[in-house]
*Asks:* 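Input: one structure, supplied below.
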Amino acid sequence: MPMEKTFNAAEAEARISALWDASGAFVAGANARPGAPAFSIMIPPPNVTGSLHIGHAFNNTLQDILVRWHRMQGHDTLWQVGTDHAGIATQMVTEREMAREGNQTRREMGRDAFTARVWQQKRASRCTIISQLKRLGASCDWSREAFTMSGAPGAPAGEEGNFHDAVIKVFVDLYNKGLIYRGKRLVNWDPHFETAISDLEVENIEVPGHMWHFKYRLAGGETYDYVERDADGAVTFRETRDYISIATTRPETMLGDGAVAVHPTDDRYAPIVGKFVHLPLCDRLIPIITDDYPDPAFGSGAVKITGAHDFNDYAVAKRANLPCYRLMDMRGAMRADGAPYAEAVQRAREIAAGSPTTGAEVDSLNLVPEKYRGLDRFEARKQVVADITAAGLAVTTLVKSLDEDTGSEHLTLEPVVEAKKIMQPFGDRSKVVIEPMLTDQWFVDTAQIVEPALEAVRSGRTKIIPPSGEKTYYHWLENIEPWCISRQLWWGHQIPVWYGLAFDAADFTDDEGDNALDEVELLRILGDGGHIDREANHYCAADPSAVTDRFRDNLAALPHPLSAARIIQVDDRQAAVEALAASLADYAVTQDPTRLTYPVWRDPDVLDTWFSSGLWPIGTLGWPEPTAELAKYFPTSVLVTGADILFFWVARMMMMQLTVVNEVPFHTVYLHGLVRDAKGKKMSKSLGNVVDPLEVIDEYGADALRFGNAAMASLGGTLKLDTARIAGYRNFGTKLWNAARFAEMNGVWDGHVTGSAPTPTATVNKWIIGEAAKTRAEIDAALADFRFDQAASALYGFIWGKVCDWYVEFAKPLFDGPDATETRQTMAWVLDQCMILLHPFSPFLTEELWQTTGARAKLLCHTDWPTYGANLIDAAADAELTWVTTLIDEIRSARAQMHVPVALKLDMLALTMDAAARSAWDNNESLIKRLARIDTLTHADQAPKGAITIPAAGASFALPLAGIIDIAAEQARLQKTLDKLAKEIGGLKGRLNNPNFAASAPEDVVDEAKVNLDAREDEAAKLSAALQRLKELT
RNA sequence: GGGAGAUUAGCUCAGUGGUAGAGCGCUUCGUUCACAUCGAAGAUGUCAGGGGUUCAAAUCCCUUAUCUCCCACCA
């Protein structure tokens, strides 16, 4: 059946995908030569509930090009595929889905049921992204699909695997090495998702805000001289004050202030340092302290210190040993729990007076006055401002206002509220304002594991390209902060830590021996005295699974187990561990549910998603099992990923792999930018400029999208996706398709396919074989440097610019001549090379061509990548074809400019021809005549009147066009060319006449300039002569 | 505030010391049997501005301007 005029991508892509699938073409090691080097890539796992966006399409195209390129070279290739459980995102998607269905909420449902529901969501949506990757033509080993939560408790059938085990093992190992710790720290709290998030998940955005100024009055009615001075020390302002002025953008946090801080060198406040001020609205006193943090030049120079709600203040509070009081609940509302304010403030006064306190009182003491309790944080802000203003404690200014009744102007005192742009933190998922919150969280002590990750890149063991990525990497890692890895979510790897209460079992049974304690009572008993050791109250279990099942029901019964875990009655950590171990063992043997209540419970938090995806390189290969794949494919060859997750993922993989298995995860990291729209705008749903890769594939085919992706993948720049360009690359595919169709029509595929390059005699055949060899070398060099754009450009230039534009045209006359057979062989070989070389970029169209143009031994995706080189380049053929194509170009150009009808065949005169030119003409006469539409060539001593001149290297031709040409137009054409030549000649002469040029420039540059000058002058002379002849005509 | 990058044809971008390039768009012509998702020809640039190094600068250095991104605690 003859070929269609175009490649039907929509029809063929699915069929070809199925063919690859059915033949296991992409399984690890497929097409590997014995003893071949390994080549492995880990896919950046997309979110399991996600769908393919244009960034995925770009990222995976590049990976696939590398993978296919290596697989065709016979390397032992693995492209590891899989998905990420994506904690917050997936939980969010599932909850949204549940809300839409009108089902129970997550909390109504309970943890186990909810987790099961998310698994269900995961099972349902996994196919989406995977099938979309297949549509792109990604040649992943689908049989090895991994998941970052495979094998987790509660995983349904089909989700076996040991990724969860690997994550747990790493947590336990790091914990045992002292690299993971738990503590009450100020963290970024997302009040929407009610979880801590890491620094990286916070986006700081500038928003309009306000700054208020409040007066904190000195205790005991004291006053002081407030003096301002200029740079020379001269007094510029003096006033007796009974207050200190503070400025804040967050008035509601003043309820938790622990002090007012001023800079130690700030003379304005020197008289009152160490004294106390009344905290407005709060009925308590706080001290004025000194700290280096306040900037005397900013605001009043005095800063309120709210240790529990600001990162700077927290640091000051730590230095000054100030108490921190949490004011908000987990949803960002003012706390409504705990004792009445009168009691709480009494206790706060005791603490301020020196009564010992513990971190526990951060949570147990609620210093929010009744009036504000339960208010949303933004509502509380308004109320606090209003109340402070009403109390006359706002800094005021005179404002002129108009009395509308009387029409008279008068002055009023108004609070000073500065409108001010402030940087506000937002959750990158929730988009709500992040609240610094003092909570118990788990941290990786990154400072301890960062050094090997830095060293690996500094030493070049892992190379980051482009190099600017290395600088960014260093900068972040050199200033690394502890990594908060606990999340208050349900979907994820639950932290393998059990909290235990060490106790005598008798304490928990009533007189009848029944299990009589409820949680409140438990707390009451444990709360009574006893040594408190926060560091010791957790126990990291090496084999948690057995424990989990046993106590799950008990755990579920605890509304908030962590709050009950506060106290453990032991003297040291070791005792805690032993007591727990003993109680667990005890329980395990007795299995008597009445004997012990709540012996242990598990930390309800899950791990940051990036903690598990940080183990992707080893986890997908079966670690901690010593698998053959781990031995073969790790460390991986290259990681291709977006520069935006350099910190989130790349740096953490480096740290974790080096810590866990003491090896870099990959030899090379290729970072690319974000794909933007044609105008360089970030794609966003709200802007409506999102390009859906699947729509692009539907319209233009996956090959066109892929080739376009490769073509725009230059290093460093931004990536602007223009569908007009994709359309152009679709046309490019059609072009090759039609060249193959032409070949089919001319019997090229009928038994002319040869494995190795033919050895033809015709110059054009020799020439195109050499061009293929050049192209192969260019592509290999470009891909070795990750220059996908250069490889794409080489392919485009070769296939369209050389094969289709010239070779196919050259071949037409040869099919009727003595060289017909070798030309068919050569064309078959050359088109095969086009398919092979293009295949990594555009796999569908090339595989389809490969299958339809002959009986093939192997799939194209397994066909040997060529290794031929310069031996196939015939310099003489190259020079001759350059001469031929230049001549044809010249003739065509002259004809077009003289408006010679295309169909008109001309007789050409050869005025001069040296031996080389003569030979070039004789060897290629038929095709020159055909392409330049020349009828005959005759020799003449001089051009007749009314002819146009065609210069060529070593020859000069004339086209007699008397009566056809416009003499003025021909004069203009010649003059224009001469002008251009004159400019070039001027430049070349200028250089060559400069003695410094000859002295300083390399010899070959000088020689080249000389040769160029000769050629230009020769051409100019011919054109001048021609111009002269025309002038004689007029 | 710190860091990185960008500025080349109408548009999107290559080009990193040696005669300014590609694709798209634009103009003219074209139904010759691979292809109109095409062919042939053509026009278009103070390579952001200024200074410097060099025989030679889009390319290296300095500087100014504009833009983008990342990081950062100014209450």
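Please read all numbers here as calculations on a predicted model, not as lab measurements.
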*Asks:* What contact category does A/R741 fall into here, base, sugar-phosphate, or nothing, at under 4.0 angstrom with non-hydrogen atoms?
*Replies:* sugar-phosphate

*Asks:* Measuring from the side chain of A/R892 (C-beta onward, heavy atoms only), which nucleotide among B/rA75, B/rU37, B/rA40 has the closest atom?
*Replies:*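 Minimum distance to the A/R892 side chain belongs to B/rA40.
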
*Asks:* Under 4.0 Å between a side-chain N or O of A/K812 and OP1 or OP2 of B/rA34?
*Replies:*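 Yes.
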
*Asks:* When the distance from OH of A/Y473 to P of B/rC71 is rounded to whole Å, what number comes out?
*Replies:*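 Rounded to the whole Å, the gap is 17 Å.
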
*Asks:* Would you say A/R787 reaches B/rG15's phosphate, i.e. side-chain N/O to OP1/OP2 under 4.0 Å?
*Replies:*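 So the side-chain polar atoms of A/R787 do come within 4.0 Å of the phosphate oxygens OP1 or OP2 of B/rG15, strictly under.
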
*Asks:* Measure NZ/A/K989 against C1'/B/rU19 and give the value in whole Å, please.
*Replies:* 16 Å

*Asks:* Would you classify A/S893 as touching base, sugar-phosphate or nothing, given that sugar-phosphate means primed atoms plus P, OP1 and OP2, and contacts are heavy atoms under 4.0 Å?
*Replies:*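 Result for A/S893 = sugar-phosphate.
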
*Asks:* Identify the nucleotide, in any strand shown, that forms a Watson-Crick or G-U wobble pair with B/rC11, with both distances under 3.5 Å; if there is none, say none.
*Replies:*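 Because both required distances fall under 3.5 Å, B/rC11 counts as paired with B/rG23.
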
*Asks:* Does B/rU46 have a Watson-Crick or wobble partner in any strand here, with both distances under 3.5 angstrom, and which is it?
*Replies:*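 Here B/rU46 is not engaged in any pair, so there is no nucleotide opposite it.
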
*Asks:* For the ring pair A/Y670 and A/F788, is the centre-to-centre distance below 6.0 Å?
*Replies:* yes

*Asks:* So how far is it from A/L705 CG to A/I697 CD1, rounded to the nearest 0.5 Å?
*Replies:* 5.5 Å

*Asks:* Would you say A/W800 places a side-chain N or O within less than 4.0 Å of OP1 or OP2 belonging to B/rG39?
*Replies:* yes

*Asks:* Out of B/rC70, B/rC55, B/rU37, which nucleotide sits closest to the side chain of A/N731?
*Replies:* B/rU37

*Asks:* Any side-chain N or O of A/S300 less than 4.0 Å from the OP1 or OP2 oxygen of B/rA75?
*Replies:*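 Result: no.
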
*Asks:* Between A/G469 and A/L671, which heavy-atom pair has the shortest distance, and what is it?
*Replies:*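 That closest heavy-atom pairing would be CA-CD1, 4.0 Å.
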
*Asks:* From the options B/rC29, B/rU19, B/rA4, select the nucleotide whose nearest atom is closest to the side chain of A/E984.
*Replies:*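 Nearest nucleotide to the side chain: B/rU19.
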
*Asks:* Rounded off to whole Å, could you give me the CD1-to-P distance for the A/I726 and B/rG25 pair?
*Replies:*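 One finds 14 Å between P of B/rG25 and CD1 of A/I726, rounded.
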
*Asks:* Within less than 4.0 Å of OP1 or OP2 of B/rC71, is there a side-chain N or O belonging to A/N204?
*Replies:*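 No, outside the criterion.
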
*Asks:* Find the partner of B/rA75: check Watson-Crick (N1-N3 plus N6-O4 or O6-N4) and G-U wobble (N1-O2, O6-N3) distances, both under 3.5 Å, and reply none if neither fits.
*Replies:* none

*Asks:* Looking across every strand, which nucleic acid part, if any, lies under 4.0 Å from A/D295 by heavy atom: base, sugar-phosphate, or nothing?
*Replies:* base

*Asks:* Mind checking the P distance from B/rG39 to B/rA9? Whole angstroms is fine.
*Replies:*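 Those two atoms are separated by 25 Å.
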
*Asks:* Please work out if A/F732 contacts a base, only the sugar-phosphate, or nothing of the nucleic acid, heavy-atom cut-off 4.0 Å.
*Replies:* nothing

*Asks:* Is any side-chain N or O of A/E809 under 3.5 Å from a base N or O of B/rA40, one able to act as donor and the other as acceptor?
*Replies:* no

*Asks:* Is any N or O donor-acceptor pair between the side chain of A/R933 and the base of B/rU32 shorter than 3.5 Å?
*Replies:* no

*Asks:* Using a 4.0 Å heavy-atom cut-off across all strands, classify A/R250 as base, sugar-phosphate, or nothing.
*Replies:* nothing

*Asks:* Base, sugar-phosphate, or nothing: which does A/D1007 touch, judged by heavy atoms less than 4.0 Å apart?
*Replies:*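 Nothing, no heavy atom under 4.0 Å.
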
*Asks:* Taking atom P of B/rU16 as reference, at what distance in whole Å does atom CD of A/Q790 sit?
*Replies:*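 So the CD-P distance, A/Q790 to B/rU16, works out to 8 Å.
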
*Asks:* Is A/R250 salt-bridged to A/E435, going by a charged N under 4.0 Å from an acidic O?
*Replies:* yes

*Asks:* Send over the distance from A/D805 CG to B/rA41 P, rounded to a whole Å.
*Replies:* 9 Å

*Asks:* Among the candidates B/rG18, B/rA72, B/rG5, find the nucleotide nearest to the side-chain atoms of A/M423.
*Replies:* B/rA72

*Asks:* Take atom P in B/rU27 and the same atom in B/rU64, then report the distance between them in whole Å.
*Replies:* 44 Å

*Asks:* Let me know the distance between CD1 of A/I891 and C1' of B/rA40, rounded to the nearest Å.
*Replies:* 14 Å

*Asks:* Contact class for A/F298 vs. all strands (heavy atom < 4.0 Å): base, sugar-phosphate, or nothing?
*Replies:*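 Contact class for A/F298: base.
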
*Asks:* How many angstroms lie between CG in A/L646 and CD1 in A/I464, if you round to the nearest 0.5 Å?
*Replies:* 6.0 Å

*Asks:* Return the pairing partner of B/rU68 with a 3.5 Å limit on both distances, Watson-Crick or G-U wobble; otherwise return none.
*Replies:* B/rA4

*Asks:* Between B/rU19, B/rA75, B/rU37, which nucleotide has the shortest distance from any of its atoms to the side chain of A/M211?
*Replies:* B/rA75

*Asks:* Just checking A/G801: base, sugar-phosphate only, or nothing, at a heavy-atom cut-off of under 4.0 Å?
*Replies:* nothing

*Asks:* For the side chain of A/K5 and the base of B/rC35, is some donor closer than 3.5 Å to an acceptor across the two?
*Replies:*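 No pair found.
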
*Asks:* Can you see which heavy atom on A/P813 is nearest to which on A/R930, and at what distance?
*Replies:* CD-CD, 3.6 Å

*Asks:* Provide the closest heavy-atom pair for A/N746 versus A/R824 in the form atom of the first, atom of the second, distance.
*Replies:* O-NE, 2.5 Å

*Asks:* Using whole Å, report how far CD of A/E206 lies from P of B/rU68.
*Replies:*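 To the nearest whole Å, that distance equals 13 Å.
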
*Asks:* With sugar-phosphate meaning primed atoms plus P, OP1 and OP2, does A/N1012 contact a base, only sugar-phosphate, or nothing at under 4.0 Å between heavy atoms?
*Replies:* base

*Asks:* Without decimals, in angstroms, what is the distance between A/I422 CD1 and B/rC73 C1'?
*Replies:*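 Atom CD1 in A/I422 sits about 13 Å away from atom C1' in B/rC73.
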
*Asks:* Pick the C1' atom in B/rA75 and in B/rA14, then give their distance to the nearest Å.
*Replies:*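 Each nucleotide's C1' atom is 49 Å from the other's.
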
*Asks:* With both distances kept under 3.5 Å, what pairs with B/rG17, Watson-Crick or G-U wobble?
*Replies:* none

*Asks:* Considering Watson-Crick and G-U wobble pairs with both distances under 3.5 Å, what does B/rC38 pair with?
*Replies:* B/rG30

*Asks:* When you compare the side chains of A/N738 and A/R741, does any donor N or O come within less than 3.5 Å of an acceptor on the partner?
*Replies:* yes

*Asks:* B/rA75 phosphate, OP1 or OP2: any side-chain N/O from A/K420 under 4.0 angstrom?
*Replies:* yes

*Asks:* Any side-chain donor-acceptor pair under 3.5 Å between A/S198 and A/E201?
*Replies:*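 A pair is found: one side chain offers a donor N or O, the other an acceptor, under 3.5 Å apart.
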
*Asks:* Determine the interatomic distance between C1' on B/rU68 and the same-named atom on B/rU28; round to the nearest Å.
*Replies:* 40 Å

*Asks:* Give one of base, sugar-phosphate or nothing for A/P294, where a contact means two heavy atoms less than 4.0 Å apart.
*Replies:*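 Result for A/P294 = base.
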
*Asks:* What nucleic acid atoms does A/R1016 come within less than 4.0 Å of, heavy atoms only: base, sugar-phosphate, or nothing?
*Replies:*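 Base contact.
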
